[in-house]
Amino acid sequence: MNGEANARAMPPASTRRGRLAHIVTLGCQMNVRDSQTLAGMLARMGYGFTDRMDEADLILFNTCSVRENPERKIYGQVSSLRQLKERRPDLIIGLTGCMPQQRPELERMQVSLPHVDLIMGTLNLHRFPELLQQVMETGRRVVEVWHDEGPIVEGLPVLREPGSVTAFVSVIYGCDYRCTFCVVPNTRGRQRSRRPEAIEEEVRSLVAEGVREVTLLGQTVNAYGRDLPERGITLARLLRRLSRIEGLERLRFTSNHPREVTEELIEAMAELPKVMEHIHLAVQSGSDRILHRMGRRYTAEEFVEQVTAMRRRIPDLAVTTDIIVGFPGETERDFEATLELVRAVRFDGAFTFVYSPRPGTAALRLPDPVPEPVKRERIQRLIELQNAISLERNQVYRGRVEEILVEGASEKDPERLSGRTRTNKVVVFDAPPSARTRLVGQLVDVRVEAVNTWTLFGRLTDGPQEAASIGAVPAAARASEPS
Ligand code: SF4
């Protein structure tokens, strides 16, 4: 499970006035990636895209079930469209993603959202064009949610932000773990890995389009390959295979289960220059008692030892995590154990969550719920501790020269450029206006001059390369896999 919520993935607005779609995406990177596929299928059907709901012919919500909040948000947003639908009966409203995969939610949304025209799940994403066509032809509601995983459908069209130098590539769907708090096994099905050759083909075509950094996605990405019939297909081997692709500069992968980190994976990370020095490793709690209740299958000590072993082999490694506070039965002592683990590991960053009971999960039946005010107070203490550690870890970067992949103008400060270090830290830096467009997609050296808890700030170095290329280091001069 990964922590990002409320991500919104919208393709660029169209300039044509054909049929227009508006896609709202909530949840993790997997949903962002699915929305890109939905957008690709819509583009193939002749749709353009709009940022405005009121001018859309199709409004599609790609939903998330990991926590209660995004679910409530969806009900609120979809309910508020009722009047628009009354004014414009030809408007099509669709719901997909994890929420419809849960039977109780599916029943609830069919009753309480009568103005929704199309409801489909995550396992039949490829059926979207056909289902949408049915809605258009019949003018009647279409509901199709699969509860059994079919084969992986390759070759679906994908629409990404034009000019983007980074991309997500799903390599494994579903999850075979049964963590007691998590809806993913219910909403995404069992673990299914894509064929390595299909992944390679997708990455090659992304590189041909100008992508320089690829993040491999999966709920437990480091379990990749275990379900494939051939033995020996692993994430480490996939990283080695993809590392050979010329023009691809950087590889990342997320999210990782601590039980699936192998020596082979650590070696691949240490050896392959294109694999970045960052791992997102969800710990969830520092208390063995709570980890056991969560069904996580490791102890706090094992987790700390694992991170220590990884840092020994990859000294610059940045480690980020997910932590749940207020899981049923969590005592003050259990919570103290989590704080202790955070102090011991010194994560670079953490997505912290207050436990939220989810229908269909085993944790729902666990006794001893933690009162809301206690949860709030604990998460506040955790955030304060983690923020202080994140700041200290960022301070180390002051004065250092870091390799940055330039992604574009900084969102908060469009006069400056933004990119990431190899360790996945966001860097905002000055660059001459004349060079800004040219630098996007380049690896450059930036001297870090200031930091805060979340961001590093700096400027291009004055190295000899800069005289010729204003800090842009030719891609070919950078990392390539040793033969
Ligand atoms: S490993 Fe656990 S938390 Fe992560 S997706 Fe699977 S069941 Fe959910």
Side-chain angles (χ1 to χ4, degrees), residues 1-5 7 26-34 63-68 70-71 97-99 101-102 105 121-123 147 149 168 170-194 215-227 234-235 253-262 265 279-288 290-300 302-303 306 319-328 330 338 341 350-366:
M1 187 177 84
N2 204 342
E4 282 93 320
L26 281 100
C28 62
Q29 296 103 322
M30 260 65 74
N31 264 16
V32 174
R33 177 61 186 74
D34 282 353
T63 64
C64 171
S65 282
V66 169
R67 275 168 289 282
E68 209 178 340
E71 281 193 357
C98 289
M99 277 171 70
Q101 285 294 149
Q102 304 200 77
E105 286 305 332
T122 57
L123 301 175
H147 293 285
E149 315 83 12
F168 293 138
S170 298
V171 299
I172 171 172
Y173 304 103
C175 178
D176 281 355
Y177 280 86
R178 283 281 180 272
C179 301
T180 57
F181 55 83
C182 183
V183 291
V184 166
N186 302 340
T187 61
R188 296 271 169 178
R190 290 188 67 85
Q191 170 178 322
R192 280 119 50 230
S193 299
R194 291 177 67 196
T215 302
L216 307 180
L217 293 182
Q219 306 288 354
T220 47
V221 71
N222 52 340
Y224 172 76
R226 203 165 6 85
D227 54 298
T234 61
L235 179 63
F253 51 95
T254 196
S255 179
N256 294 275
H257 192 290
R259 286 262 302 194
E260 302 283 350
V261 176
T262 59
L265 178 62
I279 189 158
H280 186 82
L281 203 55
V283 66
Q284 306 299 8
S285 172
S287 155
D288 290 344
I290 297 298
L291 286 171
H292 181 70
R293 284 190 141 207
M294 288 175 162
R296 294 292 290 176
R297 308 193 215 170
Y298 52 83
T299 64
E302 283 165 353
F303 184 91
Q306 189 171 66
V319 184
T320 53
T321 198
D322 297 334
I323 300 174
I324 295 172
V325 169
F327 190 74
E330 185 191 73
T338 297
L341 180 135
F351 293 106
T352 55
F353 306 102
V354 164
Y355 170 72
S356 127
R358 303 285 53 227
T361 60
L364 207 60
R365 295 189 298 276
L366 288 176

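The chain is numbered in sequence order, starting from 1. Read the numbers this way: they start at 1 and go in the same order the structure lists the ligands and their atoms.
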Subject >> Atoms of ligand 1 close to Cys182 [distance to a heavy atom under 4.0 angstrom, numbered from 1] >> reply: 3 (S), 5 (S), 7 (S), 8 (Fe)
Subject >> Pro185 neighbourhood, listing ligand 1 atoms whose heavy-atom distance to it stays under 4.0 Å >> reply: 7 (S)
**OP:** Under 4.0 Å, heavy atoms only, figure out whether ligand 1 is touched by the backbone of Ser255, its side chain, both or neither.
**Re:** neither
**OP:** Would you check whether Arg296 reaches within less than 4.0 Å of ligand 1, judged by its heavy atoms?
**Re:** yes
Original post:
Does Arg358 pair with Glu105 as a salt bridge, N-O distance under 4.0 Å?
Top reply: no
Original post:
Which heavy atom in Arg194 sits nearest to a heavy atom in Ser170, and how many Å separate them?
Top reply: NH1-O, 2.9 Å
Original post:
Does any donor atom in the side chain of Ser193 or Asp227 lie under 3.5 Å from an acceptor atom in the other side chain?
Top reply: yes
Subject >> Heteroatom N/O/S of Cys175 within less than 2.8 Å of atom 8 (Fe) of ligand 1 >> reply: no
Original post:
Should you measure from each heavy atom of Phe181, which atoms of ligand 1 turn up under 4.0 Å away?
Top reply: 3 (S)
**OP:** Show which atoms of ligand 1 fall inside a sub-4.0 Å distance from at least one heavy-atom site of Gln219.
**Re:** 5 (S)
**OP:** Examine Arg293 relative to Phe327 and say whether NZ or CZ is less than 6.0 Å from the centre of the six-membered ring and inside a 45° cone about the ring axis.
**Re:** no
Subject >> Sub-4.0 Å atoms of ligand 1 with respect to non-hydrogen atoms of Thr220 >> reply: 1 (S)
Original post:
Looking just at side-chain N and O atoms, do Thr254 and Gln29 make a donor-acceptor pair shorter than 3.5 Å?
Top reply: no
Subject >> Tyr298: ring pair (Phe, Tyr, Trp, His ring centres under 6.0 Å) partners, not counting sequence neighbours >> reply: His257
**OP:** For His257, take its heavy atoms, then give the atoms of ligand 1 lying under 4.0 Å from any of them.
**Re:** 1 (S)
Original post:
Does the pair Arg296 and Phe303 meet the rule for a side-chain contact (heavy atoms from CB on, under 4.5 Å), with working shown?
Top reply: CA-CA 11 Å; Arg296 294 292 290 176; Phe303 184 91; over 6 Å; no
